[in-house]
Amino acid sequence: MTKLEQLIEQLCPDGVDYRNIGSFATCTPGATPSTSKKEYWENGTIPWMSSGEVNLGEVAKTEKNITQLGYDNSSTKMVPANTVVIALAGQGKTRGKVAITKIPLCTNQSLCSIITDDTVLSRYLLHFLRSQYLKLRDISSGDGTRGGLNVKMIKAYQIPVPPIEIQAEIVRILDNFTNLTAELIAELSARKKQYEYYREELLNINADFELKKIKDICDITRGKVISKDYIRDNVGAYPVFSSQTENNGELGKISTYAYDGEFLTWTTDGANAGSIFYRNGKFSITNVCGLLSVKVTDVDVRYLFHALTIEAPKHVSSGMGNPKLMSNVMEKITIQFPNLKTQKRIAYVLDNFEAICSDLNIGLPAEIEARQKQYEYYRDLLLTFAETGGKLADRQTDRQTDRQTDRQTDR
């Protein structure tokens, strides 16, 4: 019998209570100081977390800081380290995701901070809410594109609350899984930095390289509006790419396509503006994407891809508004080109580095994905408590039976 099973048998043999989050935690929404007032942002020292940063998982640093004046003139509130933060709203898959703070900070209005009392460990709550991602999105008000959570929903959400000793043991087990994954991610990050170093070196300005503007080597077009409803109702084989970075930018698949061949696409609007993607096949893009079609014979598309991953982000508009890289800016970007043979050789070297970092079928990404699935399996197993009765061993046996039934059904 494992330590966890012993603790369950000793402390809660008949199950555990389910409690509303609001009964053991203070739930606080954030706010955003006016973005039109520079004095609220320039040289700020107070960490301010945006909804997208919930994807970090553990937040030890924020992208933006606000000033004391900005803090005093908004309703955002400071929360302590080890606060669980959940995204009430956000682009793409952000809504419903949770993170934990490693530093005191304040947040924007699309985040709810959950500060637990001494009956619930914050990391226990973190792991449990991670297991509830799909359910949290299901209870969001509105449809899939406009829906959102709110503080009232979070307070009312019920979770199983075992004795603190059991919470601590579950946290210990699950943290071991996440720590192993974090080590692999750190190694992958080092590989990516290695790729970026060699990319910079190989693409460094050389007097023998010819400078060319994008408009002189590419035809430039913009995508069209494609609604999520249309994708849902016209499922097919051809991908639609949008502004998201998950799943290589794919939003879904439809039965028709707009482009066929080898192209580069880029994100024109939003947090991912300036992101460059290589496309080869039949596909479509939405209105927040642009498309580059090489129209000359002395430019290698893969070389251009690697070069633009460096240059394009430099031309994204900055400021407090929506980041943009529009076609009229893209066309003026200048890239240096060696002869075609050298372009292909450089692209070959960089493609190999990129494959190590990106291909989910080889190397570290595959191992990270396997570890993540392992974590999710044990997380769901350990956090499946019954209000009355039901032991861990019984639940594990039930899951094994379910899997055997699924396999027999598949046959």
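Model, not experiment: these values are computed from the prediction. Note: hydrogens, waters and symmetry copies are ignored here, and every other heavy atom, side chains too, is used.
Taking CD1 from Ile164 and OH from Tyr124, the interatomic distance works out to 10.0 Å, rounded to the nearest 0.5 Å. Between Ile333 atom CD1 and Leu308 atom CG the span is 6.0 Å, to the nearest 0.5 Å. Between Leu121 atom CG and Asn82 atom CG the span is 10.0 Å, to the nearest 0.5 Å. Between the CG atom of Leu126 and the CD1 atom of Ile86 there is a distance of 10.5 Å, given to the nearest 0.5 Å. Taking CG of Asn287 as the reference point, atom CD1 of Ile226 lies at 8.5 Å (rounded to 0.5 Å). Taking OH of Tyr40 as the start and OG1 of Thr35 as the end, the distance is 11.5 Å to the nearest 0.5 Å.
Within a 6.0 Å sphere centred on NZ of Lys37, heavy atoms belonging to other residues, nucleotides or ligands number 12 at most. Annotation: Asn43, atom CG; neighbour count of heavy atoms from other residues, nucleotides and ligands within 6.0 Å does not exceed 12. Surrounding CD of Glu63 are at most 12 heavy atoms belonging to other residues, nucleotides or ligands under 6.0 Å away.
Taking the centre and axis of the six-membered ring of Phe241, the NZ or CZ atom of Arg279 falls inside the cone set by 45° and 6.0 Å.
Under the 3.5 Å distance criterion, the side-chain polar atoms of Asp72 are left unmatched by any main-chain donor or acceptor of Leu69. In this structure, the side chain of Gln167 engages the main chain of Thr119 through a donor-acceptor pair within 3.5 Å. Panel note: side chain Ser227, backbone Tyr230; a donor-acceptor pair is recorded below 3.5 Å. At least one donor-acceptor pair under 3.5 Å links the side chain of Asn150 to the backbone N or O of Met153. Side chain of Trp48 to backbone of Thr32: no donor-acceptor contact under 3.5 angstrom is found.
By the 4.5 Å heavy-atom criterion applied to side chains, Lys215 and Lys332 are not counted as neighbours. When side chains are defined from C-beta on, Ile170 does not count as touching His127, because their heavy atoms never get closer than 4.5 Å. At least one side-chain heavy atom of Cys112 sits under 4.5 Å from a side-chain heavy atom of Cys27. Residues Lys77 and Cys106 are not in side-chain contact: their nearest non-hydrogen atoms beyond the backbone lie 4.5 Å or more apart. Phe305 places a side-chain heavy atom less than 4.5 Å from the side chain of Leu264. Considering only heavy atoms from C-beta on, Asp269 comes within 4.5 Å of Met326 through its side chain. Proximity of Leu129 to Ile114: side-chain heavy atoms (C-beta onward) are separated by under 4.5 Å at one or more points. With a 4.5 Å cut-off on side-chain heavy atoms, Ile166 and Glu169 do not count as touching.
No donor-acceptor contact under 3.5 angstrom links the side chains of Glu39 and Thr67, judged on distance only. Judged by distance alone, the side chains of Ser51 and Ser110 never bring a donor and an acceptor atom under 3.5 Å apart. For Asn20 and Lys155, the side-chain atoms include no donor-acceptor pair closer than 3.5 Å. Of the N and O atoms on the side chains of Arg222 and Ser327, not one donor lies less than 3.5 Å from an acceptor on the other residue.
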Quick one: do Leu149 and Ile139 satisfy side-chain contact (heavy atoms from CB on, under 4.5 Å)? Show the steps, please.
CA-CA 8 Å; Leu149 294 163; Ile139 68 169; 3.8 Å; yes
For side-chain contact (heavy atoms from CB on, under 4.5 Å), just list the numbers for Lys97 and Tyr133, CA-CA rounded to whole Å, side-chain angles, deciding distance to a tenth of an Å, and then say yes or no.
CA-CA 6 Å; Lys97 285 194 173 181; Tyr133 173 70; 3.5 Å; yes
Worked verdict on Ile217 versus Phe337 for side-chain contact (heavy atoms from CB on, under 4.5 Å):
CA-CA 11 Å; Ile217 61 173; Phe337 292 91; 3.5 Å; yes
May I have the step-by-step check of side-chain contact (heavy atoms from CB on, under 4.5 Å) for Ile159 and Arg19, ending in yes or no?
CA-CA 6 Å; Ile159 78 164; Arg19 296 174 59 187; 5.7 Å; no
Ser36 and Ser34: side chain to side chain donor-acceptor pair (under 3.5 Å), yes or no, with the steps?
CA-CA 5 Å; Ser36 63; Ser34 174; 2.8 Å; yes
Decide side chain to side chain donor-acceptor pair (under 3.5 Å) for Thr62 and Glu53; before the verdict, give the C-alpha distance in whole Å, the side-chain angles of both, and the deciding distance to 0.1 Å.
CA-CA 7 Å; Thr62 58; Glu53 291 175 296; 5.1 Å; no
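A side-chain contact (heavy atoms from CB on, under 4.5 Å) with Ser113 holds for exactly one of Leu105, Val84, Thr83; it is Thr83. Asp300 pairs with exactly one of Lys344, Gln343, His306 by the side chain to side chain donor-acceptor pair (under 3.5 Å) rule, that one being Lys344.
Taking the six-membered ring where the residue is Trp, the centroids of Phe283 and Phe263 are separated by under 6.0 Å.
One finds a salt bridge joining Arg232 and Asp229 here, because a Lys/Arg side-chain nitrogen approaches an Asp/Glu carboxylate oxygen to under 4.0 Å. A salt bridge does not link Asp351 to Arg345: none of the charged side-chain nitrogens sits closer than 4.0 Å to a carboxylate oxygen.
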